[in-house]
Amino acid sequence: MRRHWTPLAFAYLGLAIAGLIGTWYFNALAIIQMRDYIGDLTTSGPAVSSIGIDLLVVAIAGSIFIIVEARRLRMRFGWLYVAGAALTAFAFTFPLFLAMRQRRTTELARVER
């Protein structure tokens, strides 16, 4: 049963479960309270809490991915993308990391030829 399941895979799975429970709790609360889901997005309410948890879980999982992948590819200063998210936004630093990761994988592929 545990074949191919690493501690990192379990960490991602745990975050996925937390994201599912956290967001659906507030989604269900919005339905039970008969809230205007779209209206809550622009004001406040369970919909905003759902999205907040959704984004938090994605940011944590993405940050773990950044650290692990940067180490695997021997990218210097991988932690700086995570720290930079606190100063700018994860919506900026994650795609930036992916771009730099792509450059690194291309570099490594060319060296192997």
Side-chain angles (χ1 to χ4, degrees):
M1 175 76 182
R2 291 187 55 173
R3 185 177 171 160
H4 305 296
W5 283 91
T6 64
L8 182 59
F10 279 117
Y12 285 137
L13 182 61
L15 286 169
I17 291 168
L20 180 67
I21 291 170
T23 55
W24 276 100
Y25 169 79
F26 288 106
N27 288 339
L29 192 59
I31 292 168
I32 290 168
Q33 293 177 357
M34 295 188 295
R35 301 291 294 247
D36 175 13
Y37 196 86
I38 302 299
D40 282 351
L41 290 176
T42 58
T43 58
S44 65
V48 174
S49 299
S50 174
I51 290 173
I53 289 177
D54 188 23
L55 295 176
L56 177 63
V57 170
V58 168
I60 292 170
S63 295
I64 293 170
F65 174 75
I66 287 171
I67 298 297
V68 170
E69 191 70 356
R71 286 182 184 169
R72 183 181 74 83
L73 296 174
R74 295 187 181 106
M75 294 172 65
R76 297 177 357 162
F77 308 112
W79 60 270
L80 204 52
Y81 295 99
V82 177
L87 301 173
T88 58
F90 193 70
F92 165 68
T93 58
F94 188 61
L96 177 63
F97 169 77
L98 292 175
M100 300 309 288
R101 176 186 176 272
Q102 186 61 42
R103 288 184 65 212
R104 178 66 175 157
T105 57
T106 301
E107 175 188 4
L108 291 174
R110 287 185 180 157
V111 169
E112 289 177 6
R113 287 189 221 176

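Owing to the predicted nature of the structure, the values given are computational and were not obtained by experimental measurement.
Minimum heavy-atom separation, A18 to V57: C-CG2, 4.4 Å. When all heavy atoms of R35 and S44 are compared, the pair lying nearest together is NH2-O, 3.6 Å. Shown here for A70 and G78, the closest heavy-atom pair between the two residues is CB-CA, 3.7 Å.
A search for side chain to side chain donor-acceptor pair (under 3.5 Å) contacts involving E69 returns R72, R101, not counting sequence neighbours.
Counting heavy atoms from C-beta outward, L98 and F65 have side chains that approach closer than 4.5 Å. Under the 4.5 Å side-chain criterion, counting only non-hydrogen atoms from C-beta, L15 is in contact with I64. S49 places none of its side-chain heavy atoms less than 4.5 Å from the side chain of Y25.
Linking Ile, Leu, Val, Met, Phe, Trp and Tyr residues whenever their side-chain heavy atoms come within less than 4.5 Å places V68 and I60 in a single cluster. Hydrophobic clustering of Ile, Leu, Val, Met, Phe, Trp and Tyr side chains at less than 4.5 Å, counting indirect connections, keeps L20 apart from I32. L55 and F26 are assigned to two separate hydrophobic clusters, defined by single-linkage of ILVMFWY side chains at heavy-atom distances under 4.5 Å. Each of V58 and I17 belongs to its own hydrophobic cluster when Ile, Leu, Val, Met, Phe, Trp and Tyr are linked at side-chain heavy-atom distances under 4.5 angstrom. Linking ILVMFWY side-chain heavy atoms closer than 4.5 Å, directly or via other members, places I66 and L8 in a single hydrophobic cluster.
Rounding to the nearest 0.5 angstrom, the gap separating the OH atom in Y12 from the OG1 atom in T6 is 9.0 Å. Between atom OH of residue Y81 and atom CZ of residue F90 there is a gap of 12.5 Å, rounded to the nearest 0.5 Å. Here the CG atom belonging to L73 is positioned 10.0 Å from the CD atom belonging to Q102, to the nearest 0.5 angstrom.
Using a 3.5 Å distance cut-off with no hydrogens or angles, the side chains of S50 and N27 do pair a donor with an acceptor.
Ring pair W79/F77 is perpendicular by interplanar angle, where above 60° counts as perpendicular and below 30° as parallel.
Put simply, the side chain of R104 never gets that close to the backbone of M75: no donor and acceptor are under 3.5 Å apart.
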